[in-house]
Amino acid sequence: MDNLDRFMTVAEQVLNDRFIKYMQQPCRLVLRLNGLTEQHKRRLDSLRMRDRRKLFSFDTLIVGRTPPLGYLKRAAYACAAKGCTYVGYIEQRLARQRESPGQCPVCAERYLAGLAQEEREMAMRFLPRSKYRMNDEELRYIDVQYLSVMDVVPDGDGPWSIGQHVWTAVVDEDFVDEYPVGSLVRLHATVHVDHLPERTFDKDTRRVMILRVEGIEMLDEPATHFDDVTWTSEPSWR
Ligand SMILES: [Zn+2]
């Protein structure tokens, strides 16, 4: 399951490429996971660092959520060199420093054209650094939202018991703002490791576990089973 992220990205690309010609209005298809087996079931409170990149199902209560946010999913960089038309696309990752492209391959080829193999290798090391402009019209943003979630153990009519800790899950696109505080949901999610969002120095080694949600099923009507829950509008890592 290490490559689930990559699988989802590639599968969505294939899906969209295949169906774009049938679309009346341009839209984007989103791939979702559903109906994982009992073996994937897991309690949030049992998660540890060794679980990173793995996929599980969690029965949860949503105790808080942020307003909808956006993140830069794909950036387009146009080479700024005179006469060069190269545009590089870079898929960005959530909550990471924006990555920019390296050497422009078109410009590099212009500098190296006509050189012999040994000369090329030497010249490659001294290529001038490419400059880029971000191409605003080709930036792609994705809507995301952070949910604060806790374990629930469904128990007939209630009272349902809840877990010890508040965990953070990220949902995107069609899931944003669809699940209000108080929703009882089964999340199919991969465990990711992230920087503390408000770290105060660059090389802070502390990490938090964050769930990237790939699918959601409703467990029940919004919870009235709980009286000792602190509802929050802040993400749990604050
Ligand atoms: Zn260039």
Side-chain angles (χ1 to χ4, degrees), residues 1-32 52-53 68-146 170-176 190 192-205 207 210 212-214:
M1 272 306 169
D2 268 21
N3 291 318
L4 185 71
D5 254 8
R6 169 128 190 87
F7 169 79
M8 296 294 277
T9 305
V10 171
E12 270 181 12
Q13 188 68 50
V14 171
L15 196 65
N16 279 280
D17 289 350
R18 171 159 291 195
F19 285 99
I20 191 151
K21 52 178 178 271
Y22 303 110
M23 291 173 188
Q24 307 276 318
Q25 300 279 327
C27 61
R28 250 172 53 70
L29 303 171
V30 179
L31 195 63
R32 294 301 183 197
R52 66 190 183 277
R53 296 191 295 267
L69 308 165
Y71 94 100
L72 183 60
K73 169 85 172 168
R74 191 182 67 173
Y77 294 88
C79 179
K82 210 165 174 229
C84 183
T85 55
Y86 174 76
V87 181
Y89 297 95
I90 297 208
E91 296 289 331
Q92 307 287 344
R93 293 190 299 157
L94 184 64
R96 285 290 192 286
Q97 192 170 332
R98 185 155 49 78
E99 290 175 32
S100 38
Q103 185 63 49
C104 168
V106 176
C107 289
E109 204 39 56
R110 276 197 300 184
Y111 287 114
L112 301 174
L115 296 181
Q117 189 57 40
E118 316 83 80
E119 293 174 307
R120 282 176 76 99
E121 275 164 29
M122 181 54 82
M124 285 231 277
R125 287 185 229 164
F126 299 102
L127 286 175
R129 212 187 138 97
S130 298
K131 291 200 178 67
Y132 292 95
R133 290 177 281 105
M134 281 255 271
N135 201 341
D136 286 343
E137 276 154 32
E138 290 193 86
L139 300 183
R140 194 163 90 212
Y141 288 95
I142 298 278
D143 294 311
V144 296
Q145 184 173 40
Y146 288 84
V170 190
V171 296
D172 61 12
E173 312 216 61
D174 53 317
F175 286 158
V176 169
T190 43
H192 285 249
V193 171
D194 217 332
H195 300 287
L196 290 178
E198 64 287 326
R199 67 198 159 134
T200 48
F201 51 101
D202 256 5
K203 300 209 163 99
D204 195 328
T205 52
R207 299 289 184 268
I210 286 190
R212 293 293 301 265
V213 176
E214 307 288 1

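Note: hydrogens, waters and symmetry copies are ignored here, and every other heavy atom, side chains too, is used. Counting starts at 1 for both ligands and their atoms, in listed order.
With no hydrogens or angles considered, a side-chain donor-acceptor pair links Gln13 and Asp17 at under 3.5 Å.
Remark: Gln103 engages Ala108, Leu127, Ser130 in a side chain to side chain contact (heavy atoms under 4.5 Å, CB included) (not counting sequence neighbours). Annotation: side-chain hydrogen bond (donor to acceptor under 3.5 Å, both in side chains) contacts of Gln145 (sequence neighbours excluded): Asp177.
The two residues Pro68 and Val176 make their nearest non-hydrogen contact at CB-CG1, 3.7 Å.
Legend: side-chain hydrogen bond (donor to acceptor under 3.5 Å, both in side chains) pairs involving residues 119-129, not counting sequence neighbours, sorted by first then second residue: Glu109-Arg120, Gln117-Glu121.
Protein N/O/S atoms found under 2.8 Å from the Zn ion (ligand 1), listed by chain and residue number: Cys79 SG, Cys84 SG, Cys104 SG, Cys107 SG.
Geometrically, Arg140 does not engage Tyr71 in a cation-pi contact, judged by NZ or CZ lying under 6.0 Å from the ring centre and within 45° of the ring axis.
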